[in-house]
Amino acid sequence: MNYSKEIDKKWQTKWKEQNLYKYDPNAKGEKFYTLEMFSYPSGAKLHLGHWFNYGPSDSYAKFKKMQGYNVFHPMGFDAFGLPAENYAIKTGIHPEDSTLKNIDTMKRQLNEMGGSYDWDYSVETCMPNYYKWTQWLFVKLYKAGLAYKKEAPVNWCDSCKTVLANEQVINGKCERCSSVVERKKLSQWFFKITDYAEELLDGLKTLDWPESTKKVQINWIGKSEGAEVTFKGESGDFEFNVFTTRVDTINGVTYIVVAPESEIVQKITTPEYKEGVDNYIKETAKLNEIDRLSTETVKTGVFTGAYVINPINNDKVPVWIADYVLEDYGTGAVMAVPAHDTRDYEFAKKYNLPIKRVIESKDGSDSKLPYTEKGILVNSGKYNGLTSEEAKQKIVNDLSANNNGKNSVNYRLKDWLVSRQRYWGAPIPIIYCDRCGEVVVPEEDLPVLLPYNVEFRPDGESPLKKSEEFMNCTCPKCGGKAKREADTLDTFVCSSWYELRYPDAKNDKMPFDKEIINKMAPVDTYIGGKEHAAMHLIYSRFMTKVLRDLGYLNFDEPFKRLVHQGMILGPDGNKMSKSKGNTVSPEEYIEKYGSDIFRIYLMFGFDYKQGGPWDEKGIEAMVRYFTKIEKLVETVSSYDKKDIDIEVTAKYKELLRLKNQTIKAMGTDIDNFQFNTAIARSMELLNKINEILREDDVNQKVIYNTVVTFIKLIAPLAPHFAEEEWERLGYTTSVHKEAWPDINESELNGGTKEIPVQVNGKLKMRICVDAGMSNEEILKEIKNTKEIIEIFDTCNVKKEIYVPGKIYNLVV
RNA sequence: GCGGGUAUGGCGGAAUUGGCAGACGCGCCGGACUUAGAAUCCGGUGUCUCGCGACGUGAAGGUUCAAGUCCUUUUACCCGCACCA
């Protein structure tokens with residue numbers, strides 16, 4: 001193999017000189033915005049995961065360009081965040097210094113990969129020219145009433161000294177350091193994503209996304225339709241609502257449960273039960289997430305002393321508090337129907353509360369309690385005999401007639417907590433003035449700069465609080481002394497709009513020009529890991545919808561099509577990690593083989609959407625593949641291309657047919673991110689060419705042209721290598737400016753094809769027919785075959801099946 | 001518990017709407033070249049069988065002329081959510 005990393009360098013230099021990857025918004029061709037999730041510049045170098053994400057995606061972008069699109073394929077860095085800060089705490093190196101250095105290295109390596117990025121359209125979220133607009137976004141949300149502050153129990157990681165989003169808590173533990181997460185009350189900023197719950201759910205229908213990812217989002221949003229029912233205190237001195245999806249079971253309510261944290265509790269608890277209730281509240285507050293999990297099956301609770309009246313049957317039922325009811329879902333209170341709910345059943349058994357059956361199965365069989373299916377109502381007065389569905393409707397009607405209830409929808413989705421008690425993030429643009437209170441920073445004063453010299457070692461306080469220079473400011477309203485908000489924004493805020501910044505990345509007057517973004521967006525193909533299914537991908541959708549409603553965008557969804565790449569595991573089949581010692585570094589391979597060998601092996605050796613354990617054995621196969629191509633180019637470069645009118649024999653018709661099939665199939669394969677099969681097909685074509693070359697009557701013109709096409713086909717997959725071979729074929733312009741080869745229909749239909757013939761569903765023979773023949777002609781040809789006539793003569797043919805152009809089957 | 005995914009040779013993996021199972025590659029076996037090896041090239045390679053042929057896509061059943069693909073039941077592993085009323 002001649003190809004090596006030196007060839008990579010040669011072309012990288014030339015491409016740079018030629019400005020090959022300069023993006024021109026006015027170039028011809030339909031716009032095509034293809035984007036990979038930008039990366040976090042944590043380590044100093046690109047790891048295998050980066051390569052697997054970005055290499056094939058870049059090939060895809062190059063392919064789309066060959067197809068004639070004006071491809072926009074930017075790259076940037078999600079540069080704020082915990083790891084840089086943790087690294088700084090450990091080493092003393094300032095996050096800004098390490099991050100900027102990492103970005104430089106990664107940019108260089110992405111260029112060395114042969115990536116088609118125009119760095120003039122790039123974002124680095126930690127730079128003031130970017131986070132100014134992240135803050136602007138906050139201001140806009142604030143003014144629209146979509147950002148608010150609230151005291152809330154949050155997930156606190158005592159090791160990282162920070163609040164975690166629900167999504168960052170894995171099984172009650174911190175996603176980064178795995179220490180146990182505690183509950184703590186802090187005043188926090190929230191974005192009102194719940195306002196968009198219904199639209200976020202609805203919009204999924206329009207998206208070309210993997211179904212599994214849509215399901216994750218549907219689950220995350222967690223829409224649940226039911227009813228709200230009002231229960232009044234027995235003496236009418238208080239009332240509260242419960243949410244239920246099974247209002248048909250309301251006659252089976254034997255008690256009510258309220259979340260311990262709920263405000264209602266204080267109002268309703270009777271003096272004699274106060275002590276027990278207070279103790280219980282204190283106990284549960286102490287429980288952290290882990291304890292709550294471990295007590296999963298053991299439910300606890302106490303009686304409040306209060307009774308309420310069931311609005312449907314006037315039963316008097318006790319009110320309990322128990323920690324299996326969550327404060328922040330529904331109304332924080334539930335009607336307990338132990339006969340028809342597993343949790344209520346367990347609880348009732350434990351505390352000897354009555355169990356009243358009100359639903360029977362439809363087939364009347366003697367079903368066991370708790371019976372959680374729908375069925376026929378019993379013990380329910382006038383509702384007896386109705387089905388669950390009928391009863392639901394009737395009961396809600398009756399309730400609402402008396403103002404005691406109504407249909408209601410609940411979502412599991414919670415508002416997005418965006419405050420972080422951390423240094424390395426965008427400061428929240430809020431000022432607290434003694435006189436004016438909470439004041440949002442005026443847009444013209446943005447950005448609120450993140451100071452460089454700050455003590456960011458964690459002690460439970462926000463690091464910015466310790467910077468006088470940062471904290472002290474004047475109130476924009478009254479000019480008096482004021483303090484800044486010391487918290488920074490969740491980095492998911494930074495990444496919730498970056499795709500909108502790329503097309504107009506240098507605009508210093510606004511986050512993006514409306515006209516430019518509306519032309520360029522949405523992203524046509526978005527590529528990234530499925531670990532972002534719930535967070536990033538929901539936040540971005542939310543932000544797009546908010547900006548649309550504020551009049552900045554005229555589209556509803558940021559990412560039209562979504563593709564998830566798989567993950568390359570360590571050779572042992574486990575996730576790569578330094579602690580397991582199973583990491584694989586791309587560098588040694590690139591050093592040894594060159595970047596195209598590595599890139600194409602990643603594409604050929606793994607299913608892009610699936611990934612798999614790393615195995616380097618196949619890499620040598622790629623060397624063989626390249627060597628064969630080099631030899632072939634060597635052979636044909638001496639050919640007489642002017643050699644015009646040679647008869648194209650059957651063998652060559654076959655070759656031309658295969659060539660066109662390959663063009664077609666590789667196109668659809670690359671479009672579907674099936675690089676492995678695309679490359680396999682190119683190998684088939686290569687093998688066919690070589691097979692013909694072994695014989696002696698070479699049609700130089702046909703072979704030469706086929707090789708030219710072949711190099712074009714592999715150009716997006718092996719950019720440096722193809723460029724080199726293209727030059728060796730005598731071309732002086734870049735192969736990356738070539739168009740994807742057209743399909744020649746007559747060549748595609750030339751040559752012959754085989755029709756399988758089955759008897760009783762078993763393959764018996766294949767009949768060779770002219771590929772250009774009509775389906776009827778083929779059938780005629782088949783029936784004229786000696787063997788088929790023989791079968792008809794000797795056997796009793798019961799049935800004859802002919803799938804036009806595909807298969808012929810006889811049942812005898 | 002709920003939701004989703006995966007299962008095909010010794011291995012990685014292919015198989016439009018049901019239509020030739022195992023493409024392509026690795027590995028292995030044989031041959032050529034070589035003093036020898038490496039490299040390269042050629043041929044073979046699902047299982048059983050000398051062969052004819054039979055069997056074969058996690059397991060069991062079903063639909064069909066025809067099933068890796070559709071239906072029912074089931075097993076193993078992986079991922080997401082998880083007291084959501």
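Sequence lines set the chain letters: A, B, ... in the order given, protein chains first and strands last, and positions in each chain run from 1.
- Residue side chain A:Lys299 reaches the base of B:C83 through a donor-acceptor N/O pair under 3.5 Å, judged by distance alone.
- If you take atom C1' in B:A14 and the same atom in B:G9, they sit 13 Å apart, rounded to whole Å.
- In this structure, the nucleotide among B:A23, B:A85, B:G43 sitting nearest to the side chain of A:Val334 is B:A85.
- When the nucleotides B:G13, B:A85, B:C41 are ranked by their closest atom to the side chain of A:Lys628, B:C41 comes out on top.
- Taking the side chain of A:Ile801 as heavy atoms from C-beta on, and the options B:G4, B:C20, B:C65, the nearest nucleotide is B:C65.
- When distances are taken from the side chain of A:Asn219 to each of B:C65, B:A23, B:C81, the shortest belongs to B:C81.
- A:Val811 comes within 4.0 angstrom of the backbone, heavy atoms only, and of no base.
- For A:Ala621, whose side chain is taken as the heavy atoms from C-beta onward, the closest listed nucleotide among B:U40, B:A14, B:G25 is B:G25.
- Nearer the 5' end of RNA chain B, as judged by each residue's closest nucleotide, is the contact made by A:Asp615, out of A:Lys530 and A:Asp615.
- With distances taken from any side-chain atom of A:Arg624 to the nucleotides B:C26, B:C24, B:G19, the minimum falls on B:C26.
- Across all strands shown, B:G30 forms a Watson-Crick or G-U wobble pair with B:C42, both key distances being under 3.5 Å.
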side-chain hydrogen bond (donor to acceptor under 3.5 Å, both in side chains) between A:Ser682 and A:Tyr625, intermediate numbers included: CA-CA 10 Å; A:Ser682 80; A:Tyr625 171 67; 2.7 Å; yes

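- Salt bridge A:Glu198/A:Lys223: present, at least one basic N to carboxylate O contact under 4.0 Å.
- The A:Asp607 side chain lies nearest to B:G13 when the options are B:G4, B:A21, B:G13.
- For A:Thr677, the listed nucleotide lying nearest its side chain is B:A23; candidates were B:A23, B:A85, B:C20.
- Nucleotides B:A85 and B:G61, compared at atom P, are 41 Å apart to the nearest Å.
- Among A:Phe721, A:Phe604, A:Phe52, A:Trp51, the one residue that satisfies the ring-ring contact (aromatic ring centres under 6.0 Å, His included) test with A:Phe598 is A:Trp51.
- Nearest nucleotide to the side chain of A:Asp323, out of B:C83, B:A85, B:C26: B:C83.
- Here A:Trp416 and A:Phe492 keep their ring centres 6.0 angstrom or further from each other.
- A residue-by-residue look at A:Leu810 and A:Glu211 shows that A:Glu211 has its nearest nucleotide of RNA chain B further toward the 5' end.
- Applying the 4.0 Å criterion to OP1 and OP2 of B:A14, one finds that A:Asn676 has a side-chain N or O inside that range.
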